Amino acid sequence: MTSLSQGAAISVKDVHVQYRMNLQKNPTLKNTIVRLGRRERTVRVFEALDGVSFDVPHGKVMGVIGANGAGKSTLMRTVAGILAPSQGRIEVNGRVSTLLALGVGFNSALSGRENVTLGGLAAGLSRAEIKEKYAEISAFAEIEDFMDMPMRTYSSGMYSRLAFAVAVNMDPDILIIDEALSAGDAHFKKKASDKMAELVSKARTMLVVSHALGTIKELCDEAIWLHKGKLIRRGEPDEIIAAYTKFLQVGEDAITLEDF
Amino acid sequence: MSQARSSTAEDEYNGERHVYEPHRAGLPPLVPYFRELWRRRTFAFELSRTSMHAANTDTVFGQAWLVINPLLLSGVYYILVDIIGGGASKADPGAFFALLTSGLFLYYYITGSMSAGTTAVTQGGRLILNTSFPKMLLTVSTVYTAFRRFLPTLIVYFGIHLITGQKVGFHLLWLIPILIMATMMGLGLANLFATLQVYFRDTASFLPYVIRIWLYLSPVLWTIEMAKERAGKGGQMYQLLLTWSPINPMYGILGAQGEVLVGGTSPSWDLLAYGFGWSALILVAGSLLMMSREREFAVRL
Ligand SMILES: Nc1ncnc2c1ncn2[C@@H]1O[C@H](COP(=O)(O)OP(=O)(O)OP(=O)(O)O)[C@@H](O)[C@H]1O
Ligand SMILES: [Mg+2]
């Protein structure tokens with residue numbers, strides 16, 4: 001073990017992630033057999049992350065910004081262990097809780113309570129731990145009355161409230177959040193950002209993706225800017241945001257990314 | 001030194017340190033994989049409990065239906081084979097009914113695990129997109145559900161066993177290894193087809209045909225003895241069936257169960273060997289296939 005990885009909560013080294021896209025609209029056995037005769041390539045490989053390296057020290061908050069399709073969500077899912085890197089190495093020290101763009105839930109036919117329990121168990125918590133956190137979660141989300149109803153009866157705001165409540169109340173060492181702070185109404189947004197500030201003050205490690213640059217500026221100790229799967233720049237949030245905003249205004253043509 | 005090492009291992013056990021790297025040879029490191037699988041086993045039980053609750057299998061009538069359905073089925077097949085088909089065993093209809101029923105129940109336990117397992121991964125969509133966990137938990141859960149659904153039929157079978165006057169004794173303990181083999185095969189098939197289903201979304205719709213044909217080729221509606229007798233009389237189909245039976249993974253398990261329950265003896269070694277060999281092979285092959293592919297599931301769903 002190197003001293004570098006020991007000190008870091010998250011260490012990402014030269015990570016590449018490839019998506020193999022199946023261009024078939026409907027991947028069925030029948031279609032595959034039927035088109036055997038035609039020599040058409042139906043798989044395209046796409047490099048969504050291209051040699052990204054950085055590390056997040058314990059207790060620090062790292063912001064990730066970048067245009068749509070830059071690979072931010074891909075990075076979050078790889079650090080969470082959901083996607084496999086095709087090259088490189090990721091080391092995560094500590095218990096991770098994730099709040100990804102898709103939110104909690106598993107089966108919308110099941111109730112909120114069942115989804116919270118099953119999601120927690122799958123994430124490796126014990127039944128006792130979930131029971132202990134359960135009241136806190138439903139109180140934080142303020143949807144106690146709906147916890148025993150099927151999740152398909154939830155509004156999308158209720159959905160994201162519950163997702164946020166689960167992620168932040170699981171007492172993680174490391175919290176990975178992908179564009180989920182916009183959850184809910186103004187009241188809940190305030191509550192969510194207070195909770196985030198509280199977690200920051202408790203020295204939790206965080207990896208935050210947001211298009212709300214204000215949030216990044218407020219919360220983060222450091223930021224990285226991804227573009228087309230490459231890490232363009234890393235540094236103080238103010239500096240990175242300034243560079244990114246400039247890039248957004250002038251566009252890719254005017255600025256050669258190599259300048260940075 | 002050894003202490004330091006064990007503490008690292010424990011950290012990993014608690015999920016405190018994760019390393020993600022490309023898989024060598026396509027497989028995840030096996031020891032941590034199964035350790036995680038074991039650690040999160042409660043999830044499989046809870047998922048099974050929740051889905052049985054959702055399907056109302058945990059009510060009195062739900063339980064009754066679990067029994068009535070296969071009983072009706074064995075009634076139908078009994079009529080088909082014994083009355084219309086010209087009598088499988090005029091000598092002892094009771095014994096034949098017991099054999100038919102026990103065979104059907106076991107056959108539907110194994111294929112039930114398989115068909116429920118097939119959609120286990122594709123239905124776990126959101127969870128797979130958001131959480132990192134050993135995907136085999138999903139198939140383990142469906143096999144556990146299938147086992148819970150199989151248990152009441154086993155009890156009904158023992159009613160039939162007693163009514164038709166089959167032997168009771170210590171030889172019935174052979175049922176335990178037979179059920180273990182059936183479970184291994186069910187899980188192996190579930191892993192295999194769950195993985196195929198991710199790539200080919202119509203896999204599940206082929207299964208009913210597979211299950212039907214496989215039933216006819218397996219010693220459920222016919223007995224090994226009967227086939228031997230008819231093959232001796234020049235029945236070419238039966239000759240073929242017997243020659244090729246050892247490559248039917250169901251042959252050993254079902255044959256062995258028949259010998260134990262209705263034959264009243266311990267099973268013959270060749271049947272046990274076929275049964276164990278096939279269920280171990282299918283379990284290992286199905287599991288390896290799933291483990292080598294499961295990190296792709298998140299992208300494919
Ligand atoms: N399941 C998938 N299969 C194939 N390609 C994918 C898949 N998911 C994402 N991609 C591709 O990978 C690239 C990065 O996607 P990603 O979701 O990581 O972007 P992002 O930075 O999160 O964008 P956004 O700001 O819109 O959320 C995109 O070009 C996208 O087309
Ligand atoms: Mg995204």
Side-chain angles (χ1 to χ4, degrees), chain A residues 1 5 12 15-22 26-33 77-96 98-111 114-115 117-127 130 150 163 173, chain B residues 4 8 11-23 26 28 36 39-51 53-55 123-135 137-138 141 196-206 293-301:
Chain A
M1 217 189 287
S5 63
V12 175
V15 164
H16 293 248
V17 173
Q18 288 177 344
Y19 286 115
R20 292 174 60 84
M21 285 181 277
N22 194 335
N26 192 3
T28 61
L29 186 59
K30 186 178 141 261
N31 278 350
T32 308
I33 292 171
R77 292 166 83 193
T78 315
V79 172
I82 296 163
L83 293 183
S86 51
Q87 202 183 312
R89 178 185 165 93
I90 292 173
E91 212 178 298
V92 180
N93 293 298
R95 183 153 85 192
V96 180
T98 50
L99 178 53
L100 303 180
L102 289 145
V104 260
F106 160 43
N107 189 334
S108 58
L110 302 180
S111 69
E114 287 165 333
N115 271 302
T117 310
L118 286 170
L121 289 172
L125 293 162
S126 72
R127 216 186 268 275
I130 295 168
D173 302 311
Chain B
T8 328
D11 279 354
E12 252 172 75
Y13 179 81
N14 290 327
E16 300 297 353
R17 180 164 174 271
H18 311 266
V19 174
Y20 305 116
E21 280 181 314
H23 291 159
E36 276 302 301
R39 185 166 80 91
R40 301 186 193 190
R41 65 192 180 281
T42 341
F43 168 77
F45 298 135
E46 182 70 19
L47 178 59
S48 164
R49 206 188 57 74
T50 315
S51 58
H53 178 70
Q123 283 176 353
R126 273 237 154 119
L127 192 67
I128 291 174
L129 293 178
N130 282 316
T131 318
S132 150
F133 66 100
K135 310 299 178 287
L137 278 173
L138 296 170
S141 171
L196 285 181
Q197 174 76 8
V198 174
Y199 293 90
F200 305 112
R201 292 307 166 88
D202 54 348
T203 306
S205 49
F206 284 114
R293 291 282 151 206
E294 67 168 65
R295 292 225 277 191
E296 261 188 38
F297 291 174
V299 198
R300 293 275 181 170
L301 288 173

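All values derive from a computational prediction rather than experimental measurement. Every chain is numbered from 1 and lettered A, B, ... according to where its sequence line falls, protein lines coming before strand lines.
When all heavy atoms of A:Ala80 and B:Ser132 are compared, the closest pair comes out as O-CB, 3.3 Å. Between B:Pro22 and A:Gly88, the shortest heavy-atom contact is CD-O, 3.2 Å. Contact detail for B:Ala298 and A:Ile82: the closest heavy-atom pair is CB-CG2, 3.6 Å.
Looking at B:Thr42, both its backbone and its side chain come within 4.5 Å of chain A, counting heavy atoms on both sides. Of the atoms belonging to A:Arg127, it is side-chain heavy atoms, and not backbone ones, that fall under 4.5 Å from chain B. Heavy-atom distances place the side chain of A:Thr98, and not its backbone, under 4.5 Å from chain B. Contact annotation for A:Ala122: both backbone and side-chain heavy atoms come within less than 4.5 Å of a heavy atom of chain B. Neither the backbone nor the side chain of A:Ser111 comes within less than 4.5 Å of any heavy atom of chain B. Neither the backbone nor the side chain of B:Phe297 comes within contact range of chain A; no heavy atoms are under 4.5 Å apart. Looking at A:Val15, there are no atoms closer than 4.5 Å to chain B (heavy atoms on both sides), in backbone or side chain.
Here the side chains of B:Tyr20 and A:Val92 are in contact, with some heavy-atom distance below 4.5 Å. Here the side chains of A:Leu118 and B:Leu127 are not in contact, with every heavy-atom distance at 4.5 Å or above. Inter-residue side-chain proximity for A:Leu100 and B:Leu129 is flagged as unmet; no heavy-atom pair is nearer than 4.5 Å.
In this structure, CZ on B:Arg295 lies 9.5 Å from OG1 on A:Thr78, to the nearest 0.5 angstrom. A distance of 11.0 Å separates OG1 in B:Thr131 from CG in A:Leu121, rounded to the nearest 0.5 Å.
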Do B:His18 and A:Ile90 pass the side chain to side chain contact (heavy atoms under 4.5 Å, CB included) test, and can you show the C-alpha distance, the side-chain angles, and the key distance before you say yes or no?
CA-CA 8 Å; B:His18 311 266; A:Ile90 292 173; over 6 Å; no
